[in-house]
Every structure is written in structure tokens, then in C-alpha cells.
Amino acid sequence: MIAVAIDGPAGAGKSTIAKRVSGELGYIYVDTGAIYRTVALACIRSNTAIEDVQAVEALLPSLDIRLIFFNGEQHILLGDEDVSEAIRTENVSMAASRVSAIPSVRQYLLDLQRNFARNDNVIMDGRDIGTVVLPNAQVKIFLTASPQIRAKRRVLQLQEQGMEADYEKILYDIIQRDYNDTHRETAPLKAAENAIEVDTSSMTLEEVVQKITEIIKEQTL
Ligand code: DC
């Protein structure tokens with residue numbers, strides 16, 4: 001089985017790129033951030049304070065989180081509900097960043113993530129895929145872009161969806177999430193030693209897709 005790990009900060013384009021490249025190569029795409037987001041959503045809905053680690057830990061076993069693949073798209077289910085859209089709000093983003101700093105949450109979600117790579121060729125994106133989840137992945141990519149570029153892309157994305165977007169607030173949130181993700185003690189966001197770093201700040205989407213596809217093909221020959 002071939003595993004491709006794509007890590008990097010929020011908004012670097014990991015999911016867009018991973019979706020496209022997995023489609024072209026016929027790999028399964030696993031968005032691990034969606035799993036942390038779903039835990040965060042469950043905390044919000046059940047009024048579980050994320051600072052209360054014991055309460056979050058108590059909630060975990062009751063959560064039935066599943067990833068299903070439908071028409072080539074990943075959907076995430078919490079119980080019987082498809083929460084793929086509900087997990088995309090800024091509120092859930094911030095909560096996910098905080099919930100993902102809890103070591104026991106990370107440990108709990110480890111097997112769930114590893115199981116995807118057992119029977120299929122996968123492209124998995126997240127923060128610690130190359131370092132912790134799949135340390136033996138054949139290809140490791142660290143995707144970055146400046147915070148300002150990432151905020152601009154997010155603004156455009158929201159505007160395309162007809163939503164309001166405040167650039168300053170989005171930039172502030174990105175910087176805050178970067179700080180949380182890189183400074184947590186367990187599995188912080190960092191490039192794996194043997195990861196190939198790709199800075200997408202001045203690249204178009206097509207250029208990034210092409211570059212990543214080339215890297216994967218070269219490394220898996
Ligand atoms: O990729 P994303 O923005 O959907 O991820 C949501 C949060 O989950 C993010 O703040 C960091 C965390 N996360 C993580 O800690 N480890 C992963 N493998 C994926 C996401």
C-alpha cells in the first residue's frame with residue numbers, strides 16, 4: 001500500500017490539493033482535520049467545556065464517528081448525521097484547534113486514522129501525519145503559504161460561497177491557530193525530517209497539483 005502524508009498549517013491548501021491529486025491517482029483521500037472538527041462539534045453541542053479535559057475524555061467513547069466515501073467525496077458522520085458542512089464554521093475551527101491539543105484525544109483518534117492506510121492507497125492530510133500517524137509513509141509533503149496569502153484565499157473561498165468575510169479577523173484566527181498547532185506539546189505541527197517542503201504562496205492551484213503529483217510519482221516509482 002502507498003501512503004502519502006500531507007501536513008501543513010491551516011489554509012495552506014492541503015485539502016483542495018489532496019482531493020485533486022487523490023482523484024487523479026485513484027487514491028483514497030482522508031481529511032484528518034474533519035475528525036478533530038467532529039469531536040469539537042460534539043463538545044459544543046453537548047456543552048462540554050474543552051478546558052475540562054476529563055469531560056472531553058468522558059465524551060469520546062460515546063461518539064460514533066465514521067468517514068464514508070460517496071461519489072469520491074469524503075463525508076463525515078456523527079452518529080447518523082452527516083456533519084460535513086456543520087464542522088466548517090470558524091467557531092468549530094477554533095474549538096478543533098483546542099480539542100486537538102489534548103493528548104488523550106490524539107491518542108484516541110490514532111487507530112481510526114491508521115486504519116484507513118491499511119487496505120488502500122491513501123493521501124492523508126493533517127498536522128502530524130508524516131511525524132506520528134504514518135511515520136512510514138512513502139511520500140511526505142509539508143505544504144505551506146504565508147499567513148496573509150492563506151487569509152486571502154479563505155476570504156475568496158467564503159465570498160464564493162456568498163458568505164461575509166472579514167480579512168483581519170480571518171488573518172488573526174489563522175495566526176492564532178498556527179500558534180496553537182505548533183506550540184502544543186503532543187504531536188505539534190512540524191515537518192517530518194524527510195518531508196519535502198512546498199511553499200504555495202506564489203503558486204496557482206494547478207501548479208501545486210502538478211508539483212505534488214510529480215513528487216508522488218517520482219517517490220513511488
Ligand atoms: O485541517 P483542519 O483545519 O480541518 O484541522 C482542524 C484542527 O484540527 C486544526 O486546528 C488542527 C487539528 N488537527 C490536528 O491537530 N492534527 C491533524 N492530523 C489534523 C488536524
Side-chain angles (χ1 to χ4, degrees), residues 3-20 22 28-44 50-51 53 56 60 63 65 67 73-76 78 83-117 122-137 140-145 147 149-151 153-155 157-158 170-192 195 200:
V4 177
I6 302 187
D7 292 301
K14 299 186 300 291
S15 61
T16 312
I17 304 299
K19 248 184 238 170
R20 278 280 305 274
S22 59
I28 284 186
Y29 163 53
V30 181
D31 164 10
T32 61
I35 304 171
Y36 288 96
R37 285 170 180 271
T38 302
V39 173
L41 180 70
C43 288
I44 293 170
I50 293 171
E51 308 76 62
V53 173
V56 176
L60 287 173
L63 303 180
I65 298 176
L67 287 181
E73 286 265 329
Q74 173 188 278
H75 288 258
I76 190 145
L78 177 59
V83 293
S84 311
E85 284 188 18
I87 58 170
R88 297 291 156 197
T89 63
E90 290 301 313
N91 195 16
V92 173
S93 298
M94 289 313 283
S97 181
R98 288 163 52 223
V99 95
S100 68
I102 303 175
S104 48
V105 170
R106 305 200 69 83
Q107 184 60 36
Y108 191 83
L109 299 179
L110 209 48
D111 281 346
L112 181 68
Q113 297 171 80
R114 285 184 176 151
N115 278 338
F116 289 109
V122 289
I123 296 189
M124 199 177 280
D125 84 21
R127 303 293 189 285
D128 60 339
I129 309 305
T131 50
V132 177
V133 179
L134 302 175
N136 298 323
K140 296 182 186 178
I141 291 162
F142 197 75
L143 213 59
T144 60
I149 293 280
R150 288 186 276 138
R153 289 178 184 163
R154 181 72 182 141
V155 167
Q157 201 181 35
L158 288 170
I170 289 172
L171 179 61
Y172 178 85
D173 282 355
I174 281 181
I175 291 170
Q176 183 78 40
R177 278 217 282 157
D178 282 359
Y179 185 87
N180 289 351
D181 293 348
T182 51
H183 284 76
R184 65 171 177 238
E185 276 187 23
T186 311
L189 167 66
K190 65 168 188 225
T200 69

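Indexing begins at 1, ligand by ligand and atom by atom, following the structure's order. Excluded from the calculations below are hydrogen atoms, water molecules and symmetry mates; all remaining heavy atoms, backbone and side chain alike, are included. Computed from a prediction, not measured in an experiment: that's the story for all the values here.
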Original post:
Any ion pair linking E90 and R177 (charged N to carboxylate O, less than 4.0 Å)?
Top reply: no
**OP:** May I ask you to say whether R150 pairs ionically with D178, meaning some side-chain N is under 4.0 Å from a carboxylate O?
**Re:**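 A salt bridge is present here (some side-chain N lies under 4.0 Å from a carboxylate O).
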**OP:** Using a cut-off of 6.0 Å, state whether more than 12 heavy atoms not belonging to Q107 lie near its atom CD.
**Re:**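 No, CD of Q107 has 12 or fewer neighbouring heavy atoms, counting only those of other groups under 6.0 Å.
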**OP:** Please determine, by modelled atom types, if R153 and T200 share a side-chain donor-acceptor pair under 3.5 angstrom.
**Re:** yes
Which N or O atoms of ligand 1 sit under 3.5 Å from a protein N or O, and how far apart is each pair?
| unit_1 | atom_1 | unit_2 | atom_2 | d |
| --- | --- | --- | --- | --- |
| ligand 1 | 1 (O) | R127 | NH1 | 2.9 |
| ligand 1 | 1 (O) | R127 | NH2 | 3.4 |
| ligand 1 | 3 (O) | R37 | NH2 | 3.1 |
| ligand 1 | 3 (O) | R127 | NH2 | 3.2 |
| ligand 1 | 3 (O) | R177 | NH1 | 3.0 |
| ligand 1 | 4 (O) | R37 | NE | 2.6 |
| ligand 1 | 4 (O) | R37 | NH2 | 3.4 |
| ligand 1 | 10 (O) | R177 | NH1 | 3.4 |
| ligand 1 | 10 (O) | D181 | OD1 | 3.4 |
| ligand 1 | 10 (O) | D181 | OD2 | 3.4 |
| ligand 1 | 15 (O) | S100 | OG | 3.4 |
| ligand 1 | 15 (O) | R106 | NH1 | 2.7 |
| ligand 1 | 15 (O) | R106 | NH2 | 3.3 |
| ligand 1 | 15 (O) | R184 | NH1 | 2.9 |
| ligand 1 | 15 (O) | R184 | NH2 | 3.0 |
| ligand 1 | 16 (N) | R106 | NH2 | 3.0 |
| ligand 1 | 18 (N) | T32 | OG1 | 3.0 |
| ligand 1 | 18 (N) | R127 | N | 3.2 |
| ligand 1 | 18 (N) | D128 | OD1 | 2.9 |

Subject >> K140 side chain vs G130 backbone, donor-acceptor pair below 3.5 Å >> reply: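 Answer holds: yes.
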Original post:
Any side-chain heavy-atom pair from I102 and I50 closer than 4.5 angstrom?
Top reply: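 Yes, close enough: below the 4.5 Å cut-off.
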